[in-house]
Amino acid sequence: MKWKLQVDKRNKHYFIRIRRDGVPKYFRFGTDKKLAQKEMKQVERDIASGKITFVEQDTSAITRPDGSKDMRIEELAYRHLEWVKANRSPGTVANREFFLKRFLGFIGERMVSQISRIMLEEFYASEKNKTKRPNAGFEAMRHVRTLLRWGEETELIELTFKRFPRMSYVPPETRRVESDELALLLPHAPQDFRDFIMFGLLTGLRPYEMRTLRQDHIRHDGQGTSYLFIERDVKGAKMTRIPKPRSVPLCKEAEAIIERQVKAHPRSQFIFLNEDGTPYTRYTLRDRFRRLAKLCGVENVIPYGLRHTFASLQAVGGTETNSLAQLMGHSSTRTLQRYVSNTAKEHKEAMDRNEKRLMAMLGEANVDMTVEPKVGEKLPPICHRENPKGCETNPSLSVSTSPAVV
């Protein structure tokens, strides 16, 4: 039986719909008509050979004659989401489900073995061009890649391609809280929130770590030094196979802040509480920052800016890179380049120092930069160090009236 190609008006992709024994199937192809016709003929052959069936069953998992495992992409996504719900946070579940639904709508009903790298590249390009967000395609493709790799690790499927499409990622802007902004924020902040802001600047903790900071995180080394023991680095755990705990020493002001907050709410194990006496959530913390910034007339201030400011101040102060990476909980020192490269004031001072050195060098060479060249004046003869006696005046060399080309 032959089927007629149809065109999706939304994205110009070709597709066919087939229904047998009450079981519908949808096969989606690309935008190239000749290639779509070729893929449709392959679908016809797969149906004739029994490779594609229309029998309702509990699972679509099969083992091919060559020993490779395969299943329908919808079933793989369903199984993966069930695993994610049992092992990941609700936020991760919501994001994964959102992007996988978009992927299933794009790729259509098909076996995993029918998914090629070209199809993934088309999906990546489609998501990248849908919105103006720089990492839209990256976020979508990252979740799809996680799905397929999970399928391979659990031995449910075997991919027909070796490499995933190359993806570009734009790091978020490093946003520090400048001194003039702090001068506006701190006087208007209540004491509890002022302590929160100062503690972030003094320790460099992530907003999540500050929101969930408890009294049992505070340790003492027996020599009068207090420090925070972060047993599980939330972000670092995603980057390394074996999560490593980290310790953050506390200065005197940070110790005073903890002591003040513990006295303010002794019945709670959390160090910082919201205005209503409950622990901060991601949204309540952001909203409180936004309200304070609006009150003070400060724009674009976010909780993560406290951490960025801490790292920038440490970098400017000359803190050794490896030590700073450990304090920040980074798995490598490359991430620190975002903070070091954002010290505009220090860069300006470096350029000023270079100017002074250059002018001193020109002064030693008796070069007077204030003397203007006379138009038409012939240049002095060219002298070679090897043969100073052979210097000859080159009459063709003179100051040109035409502008110089740089």
Side-chain angles (χ1 to χ4, degrees), residues 8-15 25-31 59-61 69-173 206-208 234-241 281-283 286 302 304:
D8 191 331
K9 296 181 180 180
R10 298 170 300 177
N11 51 29
K12 308 302 180 183
H13 283 258
Y14 290 92
F15 69 94
K25 289 190 180 293
Y26 172 84
F27 300 91
R28 181 182 176 281
F29 312 113
T31 56
T59 179
S60 61
K69 296 181 179 181
D70 199 5
M71 69 168 44
R72 299 199 67 79
I73 184 63
E74 313 95 85
E75 181 181 352
L76 180 66
Y78 174 80
R79 291 193 181 191
H80 176 64
L81 286 174
E82 290 298 313
W83 180 88
V84 174
K85 290 176 183 178
N87 295 275
R88 294 292 183 265
S89 66
T92 300
V93 174
N95 287 336
R96 188 71 48 82
E97 186 174 10
F98 173 79
F99 285 110
L100 290 187
K101 283 183 178 180
R102 295 175 71 93
F103 176 67
L104 293 178
F106 180 90
I107 207 70
E109 299 179 6
R110 63 179 68 231
M111 301 294 285
V112 175
S113 61
Q114 295 175 318
I115 299 176
S116 63
R117 177 174 172 172
I118 295 179
M119 295 178 183
L120 296 181
E121 289 178 347
E122 290 178 349
F123 172 70
Y124 172 65
S126 174
E127 291 294 316
K128 188 176 181 180
N129 297 328
K130 277 183 180 178
T131 64
K132 295 181 179 180
R133 293 187 295 111
N135 293 319
F138 176 87
E139 289 295 326
M141 194 62 220
R142 182 173 64 87
H143 289 281
V144 173
R145 183 179 59 186
T146 302
L147 163 69
L148 297 177
R149 284 181 173 173
W150 177 87
E152 280 195 314
E153 290 175 358
T154 53
E155 299 183 351
L156 293 174
I157 60 168
E158 293 182 31
L159 299 176
T160 57
F161 52 90
K162 296 181 179 180
R163 296 182 180 179
F164 286 87
R166 292 183 177 179
M167 301 182 294
S168 59
Y169 175 74
V170 180
E173 179 185 0
R206 297 183 176 93
Y208 172 83
V234 177
K235 191 171 182 180
K238 299 178 182 179
M239 307 299 294
T240 56
R241 294 185 178 181
T281 66
R282 176 182 179 183
Y283 304 102
R286 185 187 302 171
I302 58 176
Y304 222 95

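The first residue of the sequence shown is numbered 1, and numbering continues consecutively from there.
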Can you list everything that forms a side chain to side chain contact (heavy atoms under 4.5 Å, CB included) with T154? Sequence neighbours excluded, please.
W150, L156
Atom pair CZ (R79) and CD (E74), whose distance is rounded to the nearest 0.5 Å:
12.5 Å
Sorted by chain and residue number, the side-chain hydrogen bond (donor to acceptor under 3.5 Å, both in side chains) partners of T281 (sequence neighbours excluded) come out as T284
Beyond-backbone contact of L159 with F164, side-chain heavy atoms, under 4.5 angstrom:
yes
Let me confirm one number: the OG1-CZ distance from T160 to R117, rounded to the nearest 0.5 Å.
12.0 Å
Step-by-step side-chain contact (heavy atoms from CB on, under 4.5 Å) determination, L120 to I107:
CA-CA 9 Å; L120 296 181; I107 207 70; 5.6 Å; no
For R96, which residues count as a side chain to side chain contact (heavy atoms under 4.5 Å, CB included) partner, sequence neighbours excluded?
H80, L81, V84, T92, L100, H143, T146
Would you check if F103 and I73 make a side-chain contact, meaning some heavy-atom pair closer than 4.5 Å?
yes
For atom CZ of F161, is the number of surrounding heavy atoms from other residues, nucleotides or ligands below 6.0 Å larger than 12?
yes
May I have the step-by-step check of side-chain contact (heavy atoms from CB on, under 4.5 Å) for Y78 and E82, ending in yes or no?
CA-CA 6 Å; Y78 174 80; E82 290 298 313; 3.9 Å; yes
Who passes salt bridge (Lys or Arg N to Asp or Glu O under 4.0 Å) against E127, sequence neighbours left out?
R102, K130
Short side-chain to backbone donor-acceptor contact, E75 and R72, under 3.5 Å
no
Separation between CD (E122) and OG (S116), nearest 0.5 Å, reads 7.5 Å
Work out which heavy atom in G151 is nearest to a heavy atom in L76; give both atom names and the distance.
CA-CD1, 3.9 Å
Locate the shortest heavy-atom distance separating V93 from R88; write the atom from each residue and the value.
CG2-O, 4.3 Å
Within a reach of under 6.0 Å around CZ of R282, are more than 12 heavy atoms found that belong to other residues, nucleotides or ligands?
no
Not counting sequence neighbours, which residues clear salt bridge (Lys or Arg N to Asp or Glu O under 4.0 Å) with R286? List them please.
none
Considering all heavy atoms of both residues, which atom of N135 and which atom of S168 are nearest to each other, and what is their separation?
OD1-O, 4.2 Å
Identified side chain to side chain contact (heavy atoms under 4.5 Å, CB included) counterpart of V144 within the set Y124, F106, F99, F123
F123
Rounded to the nearest 0.5 Å, the CD atom of E97 sits from the NZ atom of K85 at a distance of 5.5 Å
Within residues 141-163 or reaching into it, pairs that qualify as salt bridge (charged side-chain N to carboxylate O under 4.0 Å, His left out) - sequence neighbours excluded
E139-R142
